[in-house]
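Notes follow the structure.
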Protein chains: 2
Amino acid sequence: MEHRIERIKKQLHSQSYKLTPQREATVRVLLENEEDHLSAEDVYLLVKEKAPEIGLATVYRTLELLSELKVVDKINFGDGVSRYDLRKEGAEHFHHHLVCIECGSVEEIEEDLLGDVEKLIEGQWNFQVKDHRLTFHGICRVCQKAAIPANSSS
Amino acid sequence: MEHRIERIKKQLHSQSYKLTPQREATVRVLLENEEDHLSAEDVYLLVKEKAPEIGLATVYRTLELLSELKVVDKINFGDGVSRYDLRKEGAEHFHHHLVCIECGSVEEIEEDLLGDVEKLIEGQWNFQVKDHRLTFHGICRVCQKAAIPANSSS
DNA sequence: GTGACTGCAAAAGATTTGCAGCCAT
DNA sequence: ATGGCTGCAAATCTTTTGCAGTCAC
């Protein structure tokens with residue numbers, strides 16, 4: 001974890017930004033909750049546990065900065081809030097998500113599923129792809145299992 | 001166009017909703033601006049031209065209703081607003097978008113590009129796909145051309 | 001002391017809700 | 001007269017901004 005902080009620190013410095021204590025606390029929260037898809041408010045509450053004096057505006061400003069530096073990706077699952085997701089180290093593309101419409105759980109997929117599709121887009125539509133967002137909505141493993149008893153017993 | 005209104009009317013009736021004048025005006029605006037990706041506010045302003053007495057809240061309620069009935073899809077390109085996009089007749093899946101990061105234009109892609117990928121998701125992740133959202137961010141045809149002179153003349 | 005950064009409070013937007021009235025059945 | 005639907009205004013929620021104070025150099 002420390003080396004990831006270091007790396008982010010360097011990224012900030014390379015653009016003459018500083019890794020202030022508030023920013024570091026925010027990054028640590030993101031690292032510690034990498035699997036969750038935290039909203040700004042979520043991050044704020046978690047950061048506040050370690051650094052109670054921090055302001056919500058600072059969290060927003062930090063997340064926006066990290067977003068510009070491509071350290072995090074800002075995503076939106078259609079509920080009213082933006083969520084912030086750390087990029088995996090060296091990940092060139094945004095990863096994909098499986099959102100369960102029953103329980104709301106979110107699973108991540110790191111594989112690059114879209115290589116062929118992107119080639120098609122570049123060739124056929126003449127559109128130069130820089131990034132993508134792919135989210136599947138459906139029913140997760142757990143909720144599928146949960147649904148079976150109700151059906152089979154009827 | 002009329003037959004599409006009829007169809008939507010039937011869809012509403014089948015769930016015992018009515019196609020009131022306000023709702024019809026809203027649907028017409030959506031039909032007439034099918035290529036654009038209108039925000040609720042955009043729709044409101046356009047509806048107001050034909051039916052000045054309509055309220056913004058009604059537009060929101062109508063759009064939400066249409067969204068539940070899968071007549072429109074609610075999408076979010078990362079700016080702060082939701083946009084509403086008519087589903088093509090008979091379209092089983094949501095269509096895809098190419099968003100230009102230079103000029104902001106949005107192009108639609110009807111082709112189903114994700115058949116294979118969905119099979120993979122269902123098989124390998126055991127996730128039952130119901131719908132998906134795929135957006136590519138990049139540089140559109142026009143902006144690519146616009147960029148060439150600046151590079152080649154240097 | 002200068003410029004980057006912060007916290008707080010206020011502002012700005014987008015969307016939702018409460019409510020009284022209306023309209024068709 | 002009932003229930004769905006509407007307009008308006010107020011409320012809510014997320015995010016941004018203005019500003020005065022702080023800190024590192």
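Numbered from 1 within each chain, the chains take letters A, B, ... in sequence-line order.
- In this view, B:Ser82 and B:Lys74, B:Asn76, B:Tyr84 satisfy the side-chain contact (heavy atoms from CB on, under 4.5 Å) rule, not counting sequence neighbours.
- When ring centroids are compared, A:Phe77 and A:His37 come within the 6.0 Å threshold.
- Here B:Arg61 lies in heavy-atom contact (under 4.0 Å) with a base.
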N/O to N/O distances under 3.5 Å, protein versus nucleotides 10-14 of chain D:
none

Pairs under 3.5 angstrom only: tabulate donor-acceptor contacts from the side chains of residues 15-29 of chain A to other protein residues two or more places apart or in another chain.
residue: A:Thr20; atom: OG1; partner: A:Arg23; partner atom: N; Å: 3.2
residue: A:Arg23; atom: NH1; partner: A:Lys18; partner atom: O; Å: 2.8
residue: A:Glu24; atom: OE2; partner: A:Arg28; partner atom: NE; Å: 3.1
residue: A:Glu24; atom: OE2; partner: A:Arg28; partner atom: NH2; Å: 2.8
residue: A:Thr26; atom: OG1; partner: A:Gln22; partner atom: O; Å: 2.8
residue: A:Arg28; atom: NH1; partner: A:Glu2; partner atom: OE2; Å: 3.1
residue: A:Arg28; atom: NH2; partner: A:Glu2; partner atom: OE1; Å: 3.2

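- Atom P of nucleotide C:dG13 and atom OH of B:Tyr44 are separated by 16 Å, given to the nearest angstrom.
- Residue contacts for B:Glu64: at a heavy-atom cut-off of 4.0 Å it reaches no nucleic acid atom on any strand shown.
- Between B:Val59 and A:Ala57, the residue anchored closer to the 5' end of DNA chain D is B:Val59, taking for each the nucleotide with the nearest heavy atom.
- Side-chain proximity of A:Thr20 to C:dT6, D:dT15, C:dT15: nearest is C:dT6.
- Along DNA chain C, the nucleotide nearest to B:Lys18 and the one nearest to B:Tyr84 differ in position, and the one closer to the 5' end is contacted by B:Tyr84.
- Rounded to whole Å, atom P of C:dA4 lies 17 Å from atom CD of A:Gln22.
- Between A:Leu134 and A:Phe136 the shortest side-chain heavy-atom distance falls below 4.5 Å.
- Side-chain contact, B:Asp112 with B:His95: no donor N or O sits under 3.5 Å from an acceptor N or O.
- With salt bridges taken as basic N to acidic carboxylate O contacts below 4.0 Å, none links B:Lys130 and B:Glu118.
- At the heavy-atom level, A:Leu56 lies under 4.0 Å from base atoms of the strands shown.
- A residue-by-residue look at B:Lys48 and B:Leu19 shows that B:Leu19 has its nearest nucleotide of DNA chain D further toward the 5' end.
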